[in-house]
Amino acid sequence: GIQVEQSPPDLILQEGANSTLRCNFSDSVNNLQWFHQNPWGQLINLFYIPSGTKQNGRLSATTVATERYSLLYISSSQTTDSGVYFCAVEGEKGSNYKLTFGKGTLLTVNP
Amino acid sequence: NAGVMQNPRHLVRRRGQEARLRCSPMKGHSHVYWYRQLPEEGLKFMVYLQKENIIDESGMPKERFSAEFPKEGPSILRIQQVVRGDSAAYFCASSPSSGRYTYNEQFFGPGTRLTVL
């Protein structure tokens, strides 16, 4: 099946700093989503971005499908940005619409 | 517009009991997915259902686990004779459609945290 690798695994920032999270995937995708799992365990949809660039406030994402990677940018980070960021993909071939998740990036934003 | 709803949010069972987890998809969504998040592991797909049909159950353990999505009512994930290794967070997701070249964003519920004593 499709493989998803996220980097870095852990990231510690001071409030106000910017960061870039990366997601590499091993095959063509129908769907790519970014999620934030907050400290209460809830999965929040950030972006649905199988290709192209999107922005939502301080967050933006870019997926270059031909090169099989996606980037999530967080600008002017806040303590509420802390949590785990997951990239998840639905492969084109034989995945039957299920999402395969990366292991996540644990982000800690200190005041 | 209500999101995906799951209940209960927390469930405690003793070994050998049954656990029933419920999921109501977002309004207008007819595709339901169940995922499990084990401690120290990532989120793993379990099963994909449409109304009255199991489409893909390749991630479901072969024994003790079953899922349904009846014509009326929520989707149910059922775990019989629970063991300690079943302790995990179980998430349900729904999407408006599925398949290539369609808008198939999955939206997740808050999860059910199952603890087996």
Side-chain angles (χ1 to χ4, degrees), chain A residues 1-7 9-10 21 23-52 54 56 61 63 65 70 83-106, chain B residues 1 3-6 9-11 23 26 29-50 53-60 67 87-115:
Chain A
I2 194 165
Q3 305 296 314
V4 182
E5 291 186 3
Q6 290 187 244
S7 60
D10 301 278
L21 282 57
C23 171
N24 292 332
F25 43 95
S26 61
D27 209 340
S28 305
V29 297
N30 284 330
N31 176 8
L32 188 147
Q33 293 183 239
W34 283 97
F35 298 92
H36 175 213
Q37 188 166 37
N38 65 22
W40 295 271
Q42 293 182 312
L43 280 165
I44 310 298
N45 285 43
L46 296 178
F47 293 102
Y48 170 79
I49 188 165
S51 63
K54 290 186 178 179
N56 185 3
T63 297
S70 183
V84 183
Y85 288 80
F86 288 106
C87 169
V89 305
E90 174 202 331
E92 270 189 0
K93 306 183 186 90
S95 68
N96 264 344
Y97 322 124
K98 62 192 171 204
L99 289 176
T100 298
F101 283 77
K103 293 186 184 298
T105 292
L106 174 59
Chain B
N1 196 12
V4 178
M5 301 180 70
Q6 290 187 248
R9 297 289 302 275
H10 299 274
L11 182 62
C23 168
M26 285 179 70
H29 288 191
S30 58
H31 301 258
V32 167
Y33 314 79
W34 286 92
Y35 295 82
R36 177 166 67 171
Q37 187 172 33
L38 288 162
E40 306 305 321
E41 292 191 21
L43 282 133
K44 304 285 188 190
F45 167 82
M46 298 181 75
V47 61
Y48 162 42
L49 310 103
Q50 296 177 24
N53 286 303
I54 297 174
I55 307 301
D56 181 353
E57 57 182 348
S58 59
M60 288 269 276
S87 294
Y90 292 82
F91 290 92
C92 169
S94 72
S95 69
S97 60
S98 64
R100 204 169 172 180
Y101 308 128
T102 64
Y103 170 62
N104 54 355
E105 182 174 6
Q106 293 187 23
F107 294 86
F108 282 70
T112 293
R113 276 136 190 92
L114 172 66
T115 302

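Values in this document were obtained by computation on a predicted structure and should not be read as measured data.
- For the pair Asn31(A)/Glu105(B), no side-chain contact is recorded, criterion being any heavy-atom separation below 4.5 Å from C-beta on.
- One finds the CZ atom of Phe86(A) at 5.0 Å from the CD atom of Gln37(B) (value rounded to the nearest 0.5 Å).
- Ring pair Phe101(A)/Tyr35(B): centre-to-centre distance below 6.0 Å.
- Here the CD-OH distance, from Glu90(A) to Tyr33(B), works out to 7.0 Å after rounding to the nearest 0.5 Å.
- You'll find the side chain of Gln33(A) stays beyond 4.5 Å of the side chain of Phe108(B), heavy atoms only.
- The backbone N or O of Gln106(B) lies less than 3.5 Å from a partner atom in the side chain of Asn45(A), making a donor-acceptor pair.
- Once rounded to the nearest 0.5 Å, the distance linking CG of Asn104(B) with OH of Tyr48(A) reads 4.0 Å.
- Taking all atoms of both residues into account, the shortest heavy-atom contact from Arg113(B) to Gln42(A) is NH2-N, 4.3 Å.
- Considering CG of Leu43(A) and CG of Leu43(B), their distance stands at 5.5 Å, rounded to 0.5 Å.
- Atom CE of Met5(B) sits in a sparse spot, with 12 or fewer heavy atoms from other residues, nucleotides or ligands closer than 6.0 Å.
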_Pair Thr100(A)-Lys44(B), side-chain hydrogen bond (donor to acceptor under 3.5 Å, both in side chains): steps then yes or no_ = CA-CA 7 Å; Thr100(A) 298; Lys44(B) 304 285 188 190; over 6 Å; no
